[in-house]
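Written below as structure tokens is the structure these notes are about.
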Protein chains: 2
Amino acid sequence: VVRLEEITKVYGSGDMAVHALAGVNLNIKKGEYCAIMGASGSGKSTMMNVIGCLDRPSAGRYYLENLDVSQLPEDDLARIRNLQIGFVFQQFHLLSQLSALDNVMLPMVYAGVSSRDRRDRAEDALIRVGLKDRMLNKPTQLSGGQQQRVAIARALVNRPVILLADEPTGALDSRTTQEVMELFSELHQAGIAVIMVTHEPDVARLTERIVWVKDGAILHNRLAPDD
Amino acid sequence: VVRLEEITKVYGSGDMAVHALAGVNLNIKKGEYCAIMGASGSGKSTMMNVIGCLDRPSAGRYYLENLDVSQLPEDDLARIRNLQIGFVFQQFHLLSQLSALDNVMLPMVYAGVSSRDRRDRAEDALIRVGLKDRMLNKPTQLSGGQQQRVAIARALVNRPVILLADEPTGALDSRTTQEVMELFSELHQAGIAVIMVTHEPDVARLTERIVWVKDGAILHNRLAPDD
Ligand SMILES: Nc1ncnc2c1ncn2[C@@H]1O[C@H](COP(=O)(O)OP(=O)(O)OP(=O)(O)O)[C@@H](O)[C@H]1O
Ligand SMILES: Nc1ncnc2c1ncn2[C@@H]1O[C@H](COP(=O)(O)OP(=O)(O)OP(=O)(O)O)[C@@H](O)[C@H]1O
Ligand SMILES: [Mg+2]
Ligand SMILES: [Mg+2]
């Protein structure tokens, strides 16, 4: 469902050039559950941004469900991002002037979901991540881990085929992490491809496959947990 | 060096009231190395903000080096925050329009450090956290873990007596985490009190003492690692 071929991403130029991605080749099948690990600065978030159609590569091809993404106009990309891909950002990117509930409902506004269904689905998602009593709080009135969970709820409400989660349990204690992992596992069972950047081995161990990134390239693919 | 007595923090009022802190009593000795753990939303960051003089409690007393902080005017608090306390925020709070180097130099401007010493100390701190080649990057040009490390460097440059670190390795891979832990250990050896919120047991294990927080109160104090 996701195929990256020789993807490169360069920032700057000349001897100031930073090769954030240096020839990434990656195939992710429909419904696969995949962890992405690697050192800080190795290119994981950059790669996720390319997969999530948020960033265009400097070179290489990206096929999403066999469509060459680089040939698509911006409107099509925006639809794909909204309807097919759910993204949990490393820095959450919640809108600070909106409540948790409004933040979670926003993607459904763009998708044309009815206002009653938006509310129901958003409430269900927030209850599912344990935020039943915090729905009306704004992000500044939420703890770090609560904000992270709002970001997770928001990524799910349009029922995407691919969930991209960049360090989704970074701010969570072990029990809440377990609950989020059970949620991801259910989504995976339901046929959603889950691609998750994590630096926690216990989280990576729960996936089907671990992809290692080093200096902007895929080091090797191996099957989870410890082969 | 830090003494909290019956500290409470309430948001909202009536039946909407959230007791983020509900009678916290805590004593931290000079130079102690202490981990704070607890579920998401249990009050850890709120407590850190009170200790860091960033937030006033709703009730209770806070003695910092035996001075009653609640009796101090804002100017004195600002000096204390700048000179005695280093704070690594859970959400980093770097200034996006400044480079990593300028971000790290800023606390020293307020402290009246000469411009040559500011530059030297800031560069040393950034090299120490592995960011030698990223000093001129702005936060948007840095990975999540790199931003976290800039926040760590910034907390150290005024040589505080207390380092407050809210999930300082949340965005870091295991090797970088180890390097940061070695740095904290050195600071501790040098006599700095290190108070660190973490949800990672491997990180907490390296401290002298683990304080558990639950529903806004200290559950129990116990000595690290597993007593
Ligand atoms: N301004 C506010 N208004 C209302 N409630 C708030 C406000 N700020 C924080 N809270 C609530 O106070 C509680 C404690 O928050 P705090 O940030 O201290 O938790 P935490 O232990 O740091 O959690 P995490 O591990 O997720 O970072 C949370 O339940 C949060 O929703
Ligand atoms: N706009 C930019 N200009 C210059 N360099 C950049 C820019 N954005 C990212 N980089 C660099 O690209 C590299 C890869 O960044 P990326 O965010 O993908 O790392 P990461 O693997 O997600 O790291 P982390 O685990 O710390 O989140 C980093 O070294 C970073 O400094
Ligand atoms: Mg990243
Ligand atoms: Mg917190």
Side-chain angles (χ1 to χ4, degrees), chain A residues 11-12 16 18 20 36-49 89-92 94 96 129-131 133-134 136-149 166-167 169-180 197-204 212-214 216, chain B residues 11-12 16 18 20 36-49 89-92 94 96 129-131 133-134 136-149 166-167 169-180 197-204 212-214 216:
Chain A
Y11 292 107
M16 289 299 289
V18 171
I36 299 183
M37 302 188 86
S40 173
S42 57
K44 306 178 296 296
S45 297
T46 306
M47 188 164 93
M48 293 285 271
N49 288 342
F89 297 99
Q90 189 168 7
Q91 320 261 359
F92 317 156
L94 300 176
S96 53
V129 294
L131 293 177
D133 304 323
R134 291 284 181 277
L136 304 179
N137 290 40
K138 295 207 172 94
T140 44
Q141 299 167 330
L142 294 173
S143 77
Q146 290 166 343
Q147 292 177 35
Q148 187 155 50
R149 286 181 271 159
D166 198 343
E167 304 269 2
T169 62
L172 304 178
D173 60 279
S174 45
R175 172 136 165 256
T176 318
T177 294
Q178 222 171 323
E179 288 164 20
V180 167
V197 172
T198 183
H199 63 259
E200 298 185 45
D202 289 346
V203 165
W212 284 86
V213 178
K214 183 169 156 57
Chain B
Y11 292 108
M16 288 298 289
V18 171
I36 299 182
M37 301 189 86
S40 173
S42 56
K44 307 179 295 297
S45 296
T46 306
M47 187 164 92
M48 293 285 272
N49 288 342
F89 296 98
Q90 190 169 7
Q91 319 261 0
F92 318 157
L94 300 176
S96 53
V129 294
L131 293 177
D133 304 324
R134 291 284 182 279
L136 304 178
N137 289 41
K138 296 209 174 93
T140 46
Q141 300 169 330
L142 293 173
S143 77
Q146 290 167 344
Q147 292 176 35
Q148 186 155 48
R149 287 181 270 159
D166 199 344
E167 304 268 4
T169 63
L172 304 178
D173 60 278
S174 47
R175 173 138 164 254
T176 318
T177 294
Q178 223 172 322
E179 289 164 19
V180 167
V197 173
T198 183
H199 64 259
E200 299 185 43
D202 290 345
V203 165
W212 284 86
V213 178
K214 184 169 157 48

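Note that this is a predicted model, so its numbers are computed, not measured.
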query = Side chains of A:Q147 and B:Q90: does their closest heavy-atom pair fall under 4.5 Å?
reply = no

If one checks every heavy atom of A:E167 against chain B at 4.5 Å, the contacting part turns out to be side chain

(Q) Counting neighbours of CD on A:Q178 that are heavy atoms of other residues, nucleotides or ligands and sit closer than 6.0 Å, is the number greater than 12? (A) no

If you tally heavy-atom pairs under 4.5 Å between each of A:A20, A:A171, A:S45 and chain B, the highest tally belongs to A:A171

Applying a strict 4.5 Å limit to non-hydrogen atoms, the region of B:V18 in contact with chain A is side chain

Contacts of B:K138 meeting side chain to side chain contact (heavy atoms under 4.5 Å, CB included) (sequence neighbours excluded), chain-then-number -> B:T140, B:Q141

Cut-off 4.5 Å, heavy atoms of chain A, and the answer for B:E200 is side chain

Cut-off 4.5 Å, heavy atoms of chain A, and the answer for B:T198 is neither

d(A:S143 OG, A:R149 CZ) to nearest 0.5 Å is 6.0 Å

Sequence neighbours excluded, the answer for ring-ring contact (aromatic ring centres under 6.0 Å, His included) partners of A:F89 is A:F87, A:H93

Whatever's closer than 4.5 Å to a heavy atom in chain A on B:Q91 counts as side chain

Whatever's closer than 4.5 Å to a heavy atom in chain B on A:T169 counts as backbone

Strictly distance-based, threshold 3.5 Å: is any side-chain N or O of B:K44 a donor or acceptor partner for the main-chain N or O of B:A39? yes

Turns out that what part of B:S40 lies under 4.5 Å from chain A's heavy atoms comes down to both

Rounding to 0.5 Å, atoms CG (B:L142) and CZ (B:F92) come to a distance of 10.5 Å

So, the part of B:T176 with a heavy atom under 4.5 Å from chain A: the answer is side chain

